[in-house]
Protein chains: 2
Amino acid sequence: MVTITDIAQRCNVSRATVSKALNGHSDINAETAAHIRQVAKEMGYLPNATARALKLGRSHNIGVLFVDKTSSGLSHEYFSRILESVKQEAERSGYDITFISRDIGTLPMDYYEHAKYRNCDGVIIASVDFTDPAVIKLVNSDIPTVTLDYVFDSRSAVLSDNVAGMAELVRFVYGKGHRKIAFIHGEPTSVTQKRLASFHKTCAELGLTIPEAYIEAGTFHDPKASGLATRRLLALKDRPTCILYPDDFSFIGGMNELERQGLSIPKDMSVAGYDGILLSQVLRPRLTTYRQDAEAMGREAAKQLVEIIERPKEWIPRQVMIPGSLLTGDTIRDIRQGF
Amino acid sequence: MVTITDIAQRCNVSRATVSKALNGHSDINAETAAHIRQVAKEMGYLPNATARALKLGRSHNIGVLFVDKTSSGLSHEYFSRILESVKQEAERSGYDITFISRDIGTLPMDYYEHAKYRNCDGVIIASVDFTDPAVIKLVNSDIPTVTLDYVFDSRSAVLSDNVAGMAELVRFVYGKGHRKIAFIHGEPTSVTQKRLASFHKTCAELGLTIPEAYIEAGTFHDPKASGLATRRLLALKDRPTCILYPDDFSFIGGMNELERQGLSIPKDMSVAGYDGILLSQVLRPRLTTYRQDAEAMGREAAKQLVEIIERPKEWIPRQVMIPGSLLTGDTIRDIRQGF
DNA sequence: TGCGTTTTCGAAATCGATTAAGTAACTACG
DNA sequence: CGTAGTTACTTAATCGATTTCGAAAACGCA
């Protein structure tokens, strides 16, 4: 590896001069600087990120904290899209991405310690149990963090607009004439809480009274749970005409159950998902769903974090709400009178 | 952050002694070492990975190279499973994972330069265009690499056993009485080449003559292409009784086309996928497919790489073949006489 | 006691880069 | 001409850890 010392010898200047020339300091003669840069290029010089990090106390490395659980980790398209987007935006600003987890090697570390150990300049947190003490410790530490879909006091967060999304979905369904709308929700997370509240609020605004039985507890990313919930809904005396699922993937369970009972979508039952993953748009009929803008979320999270890292003085914690968009699909039947 | 110097002062010993005590060198008195370790723990000492990396020339950081294309990057479950598995195994050995890409920040870098810049001890390469000069440069460099599903000379590789997988799939289908088996394959990659060759070889061994028209060119992870290929197959005078798809996800396109033509699976057409992603096993009927053991592949790749990094002398390039397993599913109809 | 050996620890160099402080040499100006 | 200011560069310290070499102390044995 060619180092700054090699260049210095070759140019008959000190290492300091090379460093300054390469970093564009003003106290180096323009010609000298140009020559040094030229030689550096010829020799194929690359700065050593490690040495730089040690000296500057900045690693230009961003940690990402995603859970490992198969259920909602990288296997979930929503999160893999976010990750990809975070990565791209971070790289545009000169940052690399490193995964943060517990227990690196034999030493037991918590998330904070791992991030410190790796000198991460900041951490992006998504898809974790936000009540985990280790997560809370990290968020309350000296390391800048940005969370996704969860707000911590005095910390920046990027949020998918679940309230608007659910409202839009319900209004769309209502617009197609549906009055009996069931909702299978996910685990009791803050996301679920928001969607549920928005569901109730929107229904109330529309003058709908939703029976208790139309609200079913399911699980994110779990077709089996959705299948069972669907079965319970179909067993009701007064069946809903439309079922909203926790997410697109778990809808598959509902799809199977409907098929099993000989009901066709959307003729006999209207359905909608949430997320707008690739699968939802290749199914036929195309699934009506609300697409979360994972790309924008990842991008925004990375931007926010870089901002905190590079301009800590002027930084003020912000919660950025990212809107999604309705994918109308073909799974909501129009049951208005006269249609 | 508490450094080795802090501990040294607190213990009234030199930094050298602390370092040695912490690393278990033999020239430190057992009691002294124990005391130092005790104090280090009390003070919450964590080694600085950056400083260590600079001095030792080893970063304990593994780069992973995945393409960014939406088609087959992280959004593909096969690769996200591999990544997760690589990460877990790497962490067990004390390594972290960093993404490698071109152009970090403003400086244009190729993969090799990026890996060098970050002092990666090794790189795991998957899901890329293996003919890309930048990839080839990396593979032929001084940086240890392990490739997935592709072999470079004098380099270690971990391979999914596509030959055995396809053979097993074909034999299973044959065992159910099918003689007219069509195969929609993916892009002309080495994986496709192997599956195709294995398909032909197995058919020959079974005494089957497969008409040219039964071999269709599709695209991985692309339901649309599979849908079109399916349509062409269904338009044949002498239709196949079974269609093998490039992968589980792209099968969705075939599923839609069959549905559109009023054909039911497996009554009117038998089908099989490849990969064994979650989706395949929540569909009803359950998809017959060959599950690639992505977890084992990621684990093995990480193990191999750590081996190269830590024991470069005794290392010999190896190609490890990872077997998968047939998921019989319910999409192959038994059409044997008398059944 | 004397000399070689072992044990235990420290001083100092090192990894590659950055930067504060210092130093020539040169310029400007009254 | 002398002083102040500018320009262009160097010296040396520094980041946090590791390691070679050396040295003092303790020990062993005749």
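Worth saying up front: this structure is predicted, and the values here are computed from it rather than measured. Letters A, B, ... are given to chains in the order of the sequence lines, protein chains preceding strands, and every chain is numbered from 1.
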Residues two or more places apart in sequence or in another chain: which of them pass side-chain hydrogen bond (donor to acceptor under 3.5 Å, both in side chains) with [X]?
X: A/Tyr150; value: none
X: B/Thr147; value: none
X: A/Tyr112; value: A/Asp142
X: A/Lys20; value: A/Asp27

| message | With heavy atoms of chain B within less than 4.0 Å as the criterion, where does contact along DNA chain C begin and end? | response |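 Here the contact window of chain B covers C/dT8 to C/dG16.
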| task | Among residues two or more places apart or on two chains, list those pairs meeting ring pair (Phe, Tyr, Trp, His ring centres under 6.0 Å) that have a residue in residues 6-65 of chain B. | result |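 Passing the test, one end in residues 6-65 of chain B: B/His60-B/Tyr95.
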| request: Provide the closest heavy-atom pair for A/Val146 versus A/Gln304 in the form atom of the first, atom of the second, distance. | output: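 Here A/Val146 and A/Gln304 meet closest at CG2-CB, 3.9 Å.
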| field | Stretch residues 1-23 of chain B: residues that reach within less than 4.0 Å of DNA chain D through a heavy atom | value |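 DNA chain D contact set from residues 1-23 of chain B: B/Thr3, B/Ile4, B/Arg15, B/Ala16, B/Ser19, B/Lys20, B/Asn23.
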| field | Selection residues 144-156 of chain A - residue pairs positive for salt bridge (charged side-chain N to carboxylate O under 4.0 Å, His left out), sequence neighbours left out | value |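 Found none.
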| message | Considering only residues two or more places apart or on different chains, which pairs with a residue in residues 40-59 of chain B satisfy salt bridge (charged side-chain N to carboxylate O under 4.0 Å, His left out)? | response |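 Found B/Arg10-B/Glu42, B/Arg58-B/Asp121, B/Arg58-B/Glu310.
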| Can you name the ring pair (Phe, Tyr, Trp, His ring centres under 6.0 Å) partners of A/Tyr78, sequence neighbours left out? |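 Expected list: none.
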| request: Return the set of residues passing salt bridge (Lys or Arg N to Asp or Glu O under 4.0 Å) with A/Arg102 (not counting sequence neighbours), or none when no residue passes. | output: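 So A/Arg102 forms a salt bridge (Lys or Arg N to Asp or Glu O under 4.0 Å) with A/Asp132.
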| Nucleic acid contacts of residues 29-44 of chain A, taken as heavy-atom distances under 4.0 Å to DNA chain C |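 Contacts with DNA chain C under 4.0 Å: none.
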| Which is true for B/Asn48 with a 4.0 Å heavy-atom rule: it touches a base, it touches only sugar-phosphate, or it touches nothing? |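 Answer is sugar-phosphate: B/Asn48 comes under 4.0 Å of backbone atoms only.
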| request: May I ask you to say what A/Leu54 touches in the nucleic acid, namely base, sugar-phosphate or nothing, with a heavy-atom cut-off under 4.0 Å? | output: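 If one applies the 4.0 Å heavy-atom cut-off, A/Leu54 turns out to touch a base.
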